[in-house]
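Numbering of ligands and ligand atoms starts at 1, following listing order.
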Amino acid sequence: MKEHNRSIEKYFSSIGENASEIGRSKADIKKDFLHKLFYHLGRVPALTTDNDLYTALALTVRDRALRQFVRSTEQFAEKDARGVAYFSAEFLPGPHLGNNLLNLEIMEETRQALAELDLDLDHILEQEVEPGLGNGGLGRLASCYMNSMATLGIPAIGYGIRYEFGIFKQEIREGWQSEATDKWLHYGNPWEVMRPEISYEVKFGGRTEAGTSKEGKYFVEWHPESVIKGTAYDTPILGYQSNGIIMRLWKAEAVESFDFSIYNMGDYYRAVEKKLRSENITKVLYPNDENLSGKELRLKQQYFFVSCSLQDMIHLHLLQGRRLNEFHEKFSVQLNDTHPSIAVAELMRLLLDEHDMEWDDAWHITSHTFAYTNHTLLPEALEKWSISLLGRILPRHLELIYEINSRFLEELREKGLNGEQIARMSLIDDHGEQAVRMAHLATVGSYKVNGVSALHSRLLKTQVLNDFAKLWPEKFTNVTNGVAHRRFLALSNPRLASLITEKIGDQWLTDLTSFRELEKYAGDPAFQQQWRKVKLENKKELCKLLAERAGVEVDPAMLFDVQVKRIHEYKRQHLKVLHIIDLYLRIKDGKGEDIAASAFIFAGKAAPGYFMAKLIIRLITAVADLINNDEEVNRKLKVVFLPNFNVKQAQRVYPAADLSEQISMAGKEASGTGNMKFALNGALTIGTLDGANVEIMEEVGEENFFLFGQTTEEVQETKRKGYRPYEFYEENSNIRRVLDFLVSGALGEGDPELFRPLFNNLVQQDQYQLLKDFRSYCEKKEEVFKLWANESEWDRRSILNVARMGKFSSDRSIRDYCENIWNVEPVRLRD
Ligand SMILES: *Cc1c(COP(=O)(O)O)cnc(C)c1O
């Protein structure tokens, strides 16, 4: 076909069709579905399985998603628009099918098309195994941002790793967490398109050699020990009503030609073994919170995906006839935490060694390309790679990091900083085994650095990266996290979504701030009653899941008091457990009249190597066993641990919650996004002034938020003064009674030693100051119980919470990134 004809519109008009016509009718969907089922999958009707039905429907929808993507990409290219590459080692997209139906606005047509074939859409939706390519909040954030970038028309691509095994599947065995591999690809993955022709070579190990060219130019050659190929797998991610962008994930494979010498020796099997070893790189996602330093494979994963992605971007850039020295004018690369921060050294290497650029030019481009999002202040989670490991795996990068560092430190000396400051800021940590501080590399190599909530960004500037913020104040900014409200409300809570739409119209789908209009109905008894009914229906549905997965029968009339998130000591699930034990003991004493009938629901995974977190799960299941089986108590209290928390379950839990527990020690939770999802679905929050809780409370009003506990400053003051948790144990009889109960033998298999490590930790260190905040928490819970007794007041506050959630859409976060960091404009697409 002639060049001028190569546009999707022209192709379609040549066959008398309109490129934007997407086949949305019931008849179109039905026909395409049957075609996929019989002729794509080659199924005989009598042998069709549920998975076939799901796959056929997914393929039907994928056609439409890819069509959106092709059209969007064509128009982005036409406009020569500046774009964003979102680098993230984790994505947690959740099930695609329902979300895509929603974004394409073909949910009802599809439901009817299937009904006419005697098929049930909900049953088919249930079949999808979600891609668990992330640990929790950070990966989920990346996926929320993909949806918002697509919705807003941002030319964007998400780059990551196609792990063959995602986050482990959690099972509960005899009360303990046990881990099983997540075989999410077992039945195939209809959403992705493999791109065998989009592949890049990535080098590892070996040595470098410096030389001078004939023209007198200094150069370095890297002679790697091994080379691995990365192949792209693309998944379309849709925005609402509009665009499609792609998430490009890399899979590692052997390079065909690399070990030719082995072939020649006739050692075919050794070559095959080598291939298998290469593929290891993208085999498995590492669960976080574990001590990852020293994990060679983890470093290889990070470098592997970053190198493929940057090579791909350079390739695309040059393909469009642009010059490499305008790379940073065409792209902004967002580093989602330090996991991809080796990109700073890799882009330098590509520009210097592969594209013959001079240092100053290469550094200018690099340091104007990257922007870095910090996600944690926990010292143990700040990434470091030992010099010995980095030098062995990436010898050239270590040289480049040294060079970046020496130039940076020279700059500091010229500015008159003292030796102590310089040592603190160095990219190299000299304490103990020498290591590269990845957060420093990311900060030095980026033009912007942001935290993920107002509080977190402030702490980043005044504490963790204080020296850097003083040096480059304009580099630091905040973007408060947000959530994809289309997935976490429109899709997962259809009852509430339609109630709201009936009242205020549906513009909230693209503008969550329009929820403000709900405020005026907050006190309306008829609306409150409808509101309450929706919540009750959602709770009934969750009850089915709890019965099925946890074997616990819960009365939907109870107060659903929910804490779902990764299990970590700083998140203080055990604070909630201590309170439950306190309630239990009160009821046993016959003093429980004021306690609201409550179902305490927990879910979340613990990192497999994190003993305390696993013990907390064991504690929850032990308390659940005790309480649920005690006739004196179980009409008043129920405790449930729902296994294997993931996006699919999250979508069923948030809509059914009455109370959201956001009780981390202040200063530890960077933002949290679960807090937003709960409030968006009408839960009231009991929480500390941590992360985005601060901003949520600002928005919904203090009077509509159950605030307790110390502030960050008070926490730090407590620590500075020398915190002695033992004093609380001695002086507060409630605390003593609850803690003694842990080691009384009443829990677990009657072994008083089972929870001794928790007891000891709380009494001796209690680094997250549970005991200090315990009284304040219990008092707030009394208020919760009191308010629960006043239905209409509870509902009023619940409505106000939802009405004031406008700020927490990820659409707002993405607009903030565009304005404050990326300098990227949305492209308004033609229909
Ligand atoms: C939102 C979400 C999280 C993050 O929860 P936090 O309460 O912010 O820690 C983790 N996992 C899943 C599956 C989520 O949907």
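- For ligand 1, the atoms closer than 4.0 angstrom to any heavy atom of Ala650 are 15 (O).
- The closest protein non-hydrogen atom to atom 8 (O) of ligand 1 is Thr673 N, 2.8 Å.
- Cation-pi check for Lys677 over Phe488 is met; the charged atom lies under 6.0 angstrom from the ring centroid and within 45 degrees of its normal.
- When hydrogens are left out, the protein atom nearest atom 1 (C) of ligand 1 is Lys677 NZ, 1.5 Å; that is the closest non-hydrogen contact.
- Near Tyr654, with a cut-off below 4.0 Å to any heavy atom, the atoms of ligand 1 are 1 (C), 2 (C), 14 (C), 15 (O).
- Residue Arg566 has no nitrogen or oxygen atom sitting less than 3.5 Å from a nitrogen or oxygen atom of ligand 1, judged on distance alone.
- Note: an N/O pair closer than 3.5 Å links Lys571 and ligand 1 by distance alone.
- Each of Thr338, Asp337, Asn336 was checked for a side-chain hydrogen bond (donor to acceptor under 3.5 Å, both in side chains) with His375, and the lone residue meeting it is Asn336.
- Counting heavy atoms under 4.0 Å from ligand 1, residue Phe678 does not touch it at all.
- By the 3.5 Å distance cut-off applied to N or O atoms, Lys565 is counted among the residues near ligand 1.
- Heavy-atom contacts of Gly136 reach the following atoms of ligand 1: 10 (C), 11 (N) (cutoff under 4.0 Å).
- Polar contact with ligand 1: present for Gly674 (N/O pair, distance under 3.5 Å).
- Between the Trp184 side chain and the Tyr163 main chain, a donor and an acceptor come within less than 3.5 Å of each other.
- Atom NZ of Lys169 has 12 or fewer neighbouring heavy atoms from other residues, nucleotides or ligands inside a 6.0 Å radius.
- Contact annotation: for Asn646 versus ligand 1, heavy atoms closer than 4.0 Å belong to the backbone alone.
- Remark: ligand 1 atoms within the under-4.0 Å shell around heavy atoms of Phe645 are 11 (N), 12 (C), 13 (C).
- Using a 4.5 Å cut-off on side-chain heavy atoms (C-beta onward), Leu378 and Tyr570 make contact.
- Using a 4.0 Å cut-off between charged nitrogen and carboxylate oxygen, Arg173 and Glu179 do not count as a salt-bridge pair.
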